[in-house]
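Report on the structure given below.
Worth knowing before you read on, the calculation uses all heavy atoms, side chains too, and leaves out hydrogens, waters and symmetry mates.
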Amino acid sequence: MSRFSDKDLTKWMLSKGQGKTMGTYYTLLNALAEEDRLEEVEDLWRMLLKKYLEGYRVFADMEDLSVQPTMPIVFKVGTVFLKLKMMDKYQKLHKKSPPPRWEYKYFKGRRVRVRAKQS
């Protein structure tokens with residue numbers, strides 16, 4: 001039985017439509033970089049950036065159509081803005097979709113309103 005490298009296994013998984021996670025892409029990027037195949041690393045990196053920029057455009061379109069995104073999505077996009085040091089966009093997002101004051105939890109089978117944690 002032959003042993004597959006991380007790169008071969010990752011490429012096979014992606015070709016079958018499996019494992020399209022950042023961890024899988026990270027493994028593939030590292031394997032290609034270790035083999036000094038930097039052009040392929042750059043191409044894959046550009047493809048990933050394009051894919052996730054498209055996701056941001058969808059989020060912006062949701063705002064334009066007055067569709068309210070869920071709070072987990074708002075938190076994730078806000079975290080990305082903070083990491084990219086895009087404070088103007090973060091503040092605009094925070095102003096449009098402030099964190100909720102209340103959240104609902106289940107306690108002994110009953111739905112109870114509790115004050116949300118402020119971060």
**Prompt:** In the single-linkage hydrophobic clustering (I, L, V, M, F, W, Y; side-chain heavy atoms under 4.5 Å), do Y104 and Y106 co-cluster?
**Reply:** no
**Request:** Applying side-chain contact (heavy atoms from CB on, under 4.5 Å), run through L38 and L32 and close with a yes or a no.
**Result:** CA-CA 7 Å; L38 299 181; L32 291 171; over 6 Å; no
**Request:** Find the distance between NZ (K89) and CG (L93) and round it off to the nearest 0.5 Å.
**Result:** 10.5 Å
**Request:** Please list, chain by chain and in numerical order, all residues satisfying salt bridge (charged side-chain N to carboxylate O under 4.0 Å, His left out) with E40, sequence neighbours excluded.
**Result:** K11, R37
**Prompt:** Can you tell if the side chain of W45 reaches within under 4.5 Å of the side chain of L29, non-hydrogen atoms only?
**Reply:** yes
**Item:** Nearest non-hydrogen partners of P100 and M71, listed with the distance
**Value:** CD-CE, 3.7 Å
**Message:** Test side-chain contact (heavy atoms from CB on, under 4.5 Å) on V112 and K105; report intermediate values, then the result.
**Reply:** CA-CA 5 Å; V112 179; K105 294 188 176 187; 5.7 Å; no
**M47 vs L44, side-chain contact (heavy atoms from CB on, under 4.5 Å): CA-CA, chis, key distance, verdict** = CA-CA 5 Å; M47 187 267 307; L44 181 60; 3.4 Å; yes
Pair up each side-chain donor or acceptor in residues 77-87 with any protein partner under 3.5 Å, not counting sequence neighbours, and list the distances.
residue, atom, partner, partner atom, Å
T79, OG1, F75, O, 2.8

**Message:** Restricting to non-hydrogen atoms, name the atom on H94 and the atom on P99 that form the minimum distance, rounded to 0.1 Å.
**Reply:** CE1-CD, 3.2 Å
**Complete:** With sequence neighbours left out, the residues meeting side-chain contact (heavy atoms from CB on, under 4.5 Å) with K95 are none
